[in-house]
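Remarks on the structure that follows.
Predicted model, so just to flag it, every value in this text is computed and none were measured.
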Amino acid sequence: MVTAITQGVKISVETMYQDEYSNPGNEHFMFAYQITIENLSDYAVQLMRRQWFIFDSNGTEREVEGEGVVGLQPVIEPGTSYTYVSGSHLNTDMGSMKGNYLMNRLVDQTDFTVDIPEFNLIVPYRLN
């Protein structure tokens, strides 16, 4: 698990290789990731947008951005957390992802960016 804290918002990431949805012969490697967003600040925040940078080990880079996560723009009250699971595919058996969330502090409508720490996506047999 990797974690990072930005302006009182803690991001924790766990990854899982999805063997049943992968097809290595066709260079399709599917990964799931679970993200927990903890609000350690004194104010409610809302996740407005996401931006991802996805890297394959062959040097390919993709950028994905959009509103919310998994179709939602959750409000996270102080001292609570929000967890979701999503996924990404790679064309190689190793790679990584990193990114950021655009958050809004509801008390004063201030936008700020929260870092999503870089995490590795590695097929289990590559770990031996």
Check: Does atom OH of Tyr21 have more than 12 heavy-atom neighbours, drawn from other residues, nucleotides or ligands, at distances under 6.0 Å?
Finding: no
Would you say that [X] contacts [Y] through its side chain, given a criterion of any heavy-atom pair below 4.5 Å between the two side chains?
X     : Y      : result
Gln7  : Met103 : no
Ile11 : Pro117 : yes
Ile35 : Tyr101 : yes

[X] with [Y], same ILVMFWY side-chain cluster at under 4.5 Å:
X      : Y     : value
Phe31  : Val69 : yes
Val64  : Met30 : no
Trp52  : Ile37 : yes
Tyr125 : Tyr17 : yes
Met97  : Phe55 : no

First locate atom [atom1] of [X], then atom [atom2] of [Y], and finally report the distance between them rounded to the nearest 0.5 Å.
X     : Y      : atom1 : atom2 : value
Ser88 : Gln18  : OG    : CD    : 11.5 Å
Arg50 : Glu67  : CZ    : CD    : 9.0 Å
His28 : Leu90  : NE2   : CG    : 9.5 Å
Met16 : Leu121 : CE    : CG    : 10.0 Å
Asn91 : Arg62  : CG    : CZ    : 6.5 Å
Ile76 : Leu47  : CD1   : CG    : 6.0 Å

Between Gln34 and Thr83, is a side-chain contact (heavy atoms from CB on, under 4.5 Å) present by the stated rule, with each step listed? CA-CA 7 Å; Gln34 177 177 289; Thr83 300; 3.6 Å; yes
With sequence neighbours left out, the residues meeting salt bridge (charged side-chain N to carboxylate O under 4.0 Å, His left out) with Asp93 are Arg126
Under a 3.5 Å distance rule, please check whether [X] uses its side chain to pair with a backbone N or O of [Y] as donor and acceptor.
X     : Y     : answer
Asp56 : Asn58 : no
Gln73 : Met48 : yes
Ser22 : Pro24 : no
Thr92 : Ser57 : yes

Between Ala44 and Asn39, the two heavy atoms sitting closest are CA-ND2, 3.9 Å
Taking atom types as modelled, is there a side-chain donor on Gln46 or Asn104 under 3.5 Å from an acceptor on the other?
no
ask   = Is a side-chain donor-acceptor pair under 3.5 Å present for Ser12 with Thr3?
value = no
